[in-house]
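Just so it is clear: chains get the letters A, B, ... in the order the sequence lines come, proteins before strands, and each one is counted from 1. If you're wondering where the values come from, they're calculated on a predicted model, not measured in any experiment.
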Number of protein chains: 2
Amino acid sequence: MQLKRADVVTGALALLDTDGLDGLTMRKLGARLGVQAGGIYWHFKNKEALLGAMADRIAGQVIETPLAPGPWDARLAEIAHRLRRAMLAHRDGARVVAGTYVVEPNTVRGGEQAVRILTDAGFPLDRAGWVIFAALYYVVGHTIEEQAQLAAGDWEQRGAGLPDTEPHRALSGVIEADPEERFAYGLELLLDGVRVRLAAAQAQRTERT
Amino acid sequence: MQLKRADVVTGALALLDTDGLDGLTMRKLGARLGVQAGGIYWHFKNKEALLGAMADRIAGQVIETPLAPGPWDARLAEIAHRLRRAMLAHRDGARVVAGTYVVEPNTVRGGEQAVRILTDAGFPLDRAGWVIFAALYYVVGHTIEEQAQLAAGDWEQRGAGLPDTEPHRALSGVIEADPEERFAYGLELLLDGVRVRLAAAQAQRTERT
DNA sequence: ACCTGAACACCGTTCAAGT
DNA sequence: ACCTGAACACCGTTCAAGT
């Protein structure tokens, strides 16, 4: 049975789970797939293209099952939570997604769906994309750090001997918080911003009537 | 004249500017500094530690000059803008900062200052760290993409032949927008969220009186 | 069409030995 | 204390040649 593009992606994601992004090499992937490293280059132009396909497979989970109907903010939050979960499902998943410019089909579709949710709610089209990108940066950034599991001791043993002030404890306490709760909190911060602007846009529309 | 730790960082940042993060190798850095690649390891445990020092030098620019007095939101926005500018000042600067767990002295100090601005404004200490981290993810994520300069054509030539819908144009239009304006917009989204929570916290305080 | 074998041009890191 | 020289154990990618 010959190797297909999809098989390479599947094997690469399995290797990612066992060896992490830094351990994901073309040679090891070849060994797992039963081909030489060079053979992979028949299916993918280079490693970057493979990583792009991996990212799209991960992000594709977001639009796999249809979104439950409901208010726009709940639907957007659901997309964000799905993306986080999809990235958490693979070791270094967030780094893989972050490292690729998401022009793969699934990712584009997910972004379009998010834009539609905003515009359907009355949000101006020319700003919807900005909001979605801002949210994407937050979701990916948060999840990268979650997966980095920055060793709990790092903030304490930061050497420099800086005073153990209240602000410092507030910062170091962040990593001890429940990641899910913290994720939802930051997301709400962004959604609040959208709500403020949505209310302003609607007030303006009412004014004109 | 012998090499000092700071000289290595300076040379590494210069090499970063000319060759980018992927071109930053210990051998090339050694050549630029006039030493063998192995010699650098006397000053830094490994490449990661060097990148951490580079990140701290970049981020350190944020707290170099004191912040002008003013309302909390203007001060926080100023910090965010400074961090963006500091990262933009070096090729791949945002990727360098993103790739390191920021426990270096300058970065910690910057974070503490940001927390203090929030708590001075009446924001609860136990959530201030969450806000700062959320903002950090946004700032770094935005700037990484800015520096990636994702080739303007990417969204158009995305092959799959997806329909050229309105949502799709909203997404692809993002990269044509003025990055500075877009950056400020997303930041305001987050600050709106903080304002909403600040107002709620103050209302609760007034209630009790 | 799909892959092998082998090479090319690199990497980060270590470490005895030098000064 | 600070660095050299040389090696170790890898990389991604290319490409003639095989089937």
Side-chain angles (χ1 to χ4, degrees), chain A residues 1-57 91-92 95-101 104 148 151 159, chain B residues 1-57 91-92 95-101 104 148 151 159:
Chain A
M1 184 43 185
Q2 253 162 215
L3 222 48
K4 314 207 66 146
R5 240 173 104 81
D7 301 327
V8 179
V9 175
T10 304
L13 284 172
L15 182 58
L16 180 71
D17 287 333
T18 58
D19 293 44
L21 183 55
D22 295 334
L24 176 67
T25 73
M26 299 304 263
R27 284 161 214 265
K28 282 202 269 183
L29 178 56
R32 173 181 278 270
L33 295 172
V35 298
Q36 293 293 113
I40 300 169
Y41 287 79
W42 196 90
H43 300 280
F44 289 93
K45 193 176 144 279
N46 50 33
K47 192 178 180 180
E48 199 193 325
L50 172 59
L51 285 166
M54 292 167 68
D56 201 46
R57 178 98 127 233
R91 165 123 89 122
D92 292 334
R95 273 172 71 200
V96 170
V97 170
T100 63
Y101 311 115
E104 319 281 332
Chain B
M1 185 41 184
Q2 254 163 216
L3 221 48
K4 313 208 66 148
R5 236 169 163 272
D7 301 328
V8 179
V9 175
T10 303
L13 284 171
L15 182 58
L16 180 70
D17 287 333
T18 58
D19 294 42
L21 183 55
D22 296 334
L24 177 67
T25 72
M26 299 304 263
R27 284 161 214 265
K28 284 202 268 183
L29 179 54
R32 172 181 278 270
L33 296 171
V35 297
Q36 295 292 113
I40 300 168
Y41 288 79
W42 196 90
H43 299 280
F44 289 93
K45 192 176 144 277
N46 51 32
K47 193 179 181 179
E48 198 192 327
L50 171 59
L51 285 165
M54 292 167 67
D56 200 48
R57 178 98 129 232
R91 163 122 89 122
D92 292 334
R95 273 171 71 203
V96 170
V97 170
T100 63
Y101 310 117
E104 318 282 330

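No engagement by A:G30 is indicated, since no non-hydrogen atom pair under 4.0 Å with the nucleic acid exists. Residue A:L24 is classed as a sugar-phosphate contact, given heavy-atom separations below 4.0 Å to backbone atoms only.
The side chain of B:T25 lies closest to C:dG12, out of D:dG12, C:dG12, C:dT13. Side-chain proximity of A:W42 to D:dG12, C:dC3, D:dT4: nearest is C:dC3. Among C:dT4, C:dT13, D:dT13, the nucleotide with an atom closest to any side-chain atom of A:V35 is C:dT4. Out of C:dG12, D:dA1, D:dC11, the shortest distance to the side chain of A:K28 is found at D:dC11.
In this entry D:dC3 has no Watson-Crick or G-U wobble partner, no candidate having both defining distances under 3.5 Å. Pairing of D:dC8, defined by two Watson-Crick or G-U wobble distances under 3.5 Å, is identified with C:dG12.
The shortest non-hydrogen separation linking A:Y41 to A:N46 is CE2-CA, 3.8 Å. Among all heavy-atom pairs drawn from A:A55 and A:T100, the shortest one is CB-OG1, 3.3 Å.
Atom CG of A:D56 sits about 12.5 Å away from atom CG of A:L51, to the nearest 0.5 Å. The OG1 atom of A:T10 sits 10.0 Å away from atom CE of A:M54, with the distance rounded to the nearest 0.5 Å.
Rounded to an integer number of Å, the gap from A:I40 CD1 to D:dC11 P is 12 Å.
Phosphate contact (OP1/OP2 of D:dA1, side-chain N/O of B:H43, threshold under 4.0 Å): absent. Phosphate proximity of C:dC2 to A:Q2: present, with a side-chain N or O under 4.0 Å from OP1 or OP2.
Residues A:A37 and A:R27 both approach DNA chain C. Their nearest nucleotides, taken by heavy-atom distance, put A:A37 toward the 5′ side.
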